[in-house]
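Remember, it's a predicted structure, so these values are computed and weren't measured experimentally.
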Amino acid sequence: MIYVIDRIENGIGVCECLETGAKLEISRAHLPKGAKEGDVIRRLHENSFAIDIELTKKRRDSMSDRMNRLFEKN
C-alpha cells in the first residue's frame, strides 16, 4: 500500500492511503527516518515503511504547479 503523510502530531503520523483514501495512524518509531509531512511512503512489512522519493517529488512538483497556476490567474 502507498500512503502520504498528512501530519505528524504527538508522536503519531496520520497518513492517507492513496489507493483507498483510508486513514492510518503510524507510530513515529515506525515511520522511516527523516519522514515528514507530504512524504509518500510504501508499506514494506507490517510495521516497516520506506519513503518513495520519486513519487514524493512528483506530488510536490504537481502541487507547486497547481499553486503557481492558481495565483497567476489572480
Side-chain angles (χ1 to χ4, degrees):
M1 297 294 253
I2 303 170
Y3 301 88
V4 63
I5 301 172
D6 180 54
R7 64 189 179 278
I8 300 172
E9 54 187 29
N10 300 322
I12 302 290
V14 180
C15 305
E16 180 179 349
C17 179
L18 293 179
E19 290 126 352
T20 66
K23 298 288 185 189
L24 176 67
E25 293 185 350
I26 304 170
S27 166
R28 181 74 168 145
H30 295 294
L31 288 173
K33 183 177 176 132
K36 57 190 175 296
E37 295 173 354
D39 283 350
V40 176
I41 57 174
R42 291 182 179 270
R43 183 185 294 254
L44 303 175
H45 303 289
E46 180 67 26
N47 287 317
S48 178
F49 298 86
I51 298 172
D52 186 320
I53 296 169
E54 186 174 317
L55 191 51
T56 296
K57 182 179 178 345
K58 284 181 184 177
R59 285 180 55 87
R60 287 203 170 115
D61 289 347
S62 175
M63 186 61 76
S64 179
D65 289 344
R66 283 187 219 160
M67 294 297 286
N68 287 337
R69 285 194 310 269
L70 176 68
F71 289 111
E72 286 173 0
K73 290 181 182 181
N74 294 325

Does the Ser27 side chain pair with the main chain of Ile12, one donor and one acceptor, at a distance under 3.5 Å? no
Rounded to the nearest 0.5 Å, how far does CD of Glu25 lie from NE2 of His30? 13.0 Å
Inspect the surroundings of CG in Leu44 and state if more than 12 heavy atoms from other residues, nucleotides or ligands are less than 6.0 Å away. yes
Taking atom SG of Cys17 and atom CG of Leu24, what is their separation to the nearest 0.5 Å? 8.5 Å
Tell me the side chain to side chain donor-acceptor pair (under 3.5 Å) pairs involving residues 36-45, sequence neighbours left out? Asp39-Arg60, Arg42-Asp52
What pairs with Lys23 under side chain to side chain donor-acceptor pair (under 3.5 Å), at least two apart in sequence or on another chain? none
Run the salt-bridge test on Asp61 and Lys57 with the 4.0 Å N-O cut-off and return the result as yes or no. yes
Report the distance from atom CG of Leu18 to atom CD1 of Ile41, rounding to the nearest 0.5 Å. 9.5 Å
Would you be so kind as to tabulate the donor-acceptor pairs closer than 3.5 Å made by side chains of residues 1-11, with sequence neighbours excluded?
from	atom 1	to	atom 2	distance (Å)
Arg7	NE	Glu9	OE1	3.4

Near Glu54 CD, under 6.0 Å, is it more than 12 heavy atoms from other residues, nucleotides or ligands? no
Measure the CD1-CZ distance between Ile26 and Phe49 for me, rounded to the nearest 0.5 Å. 3.5 Å
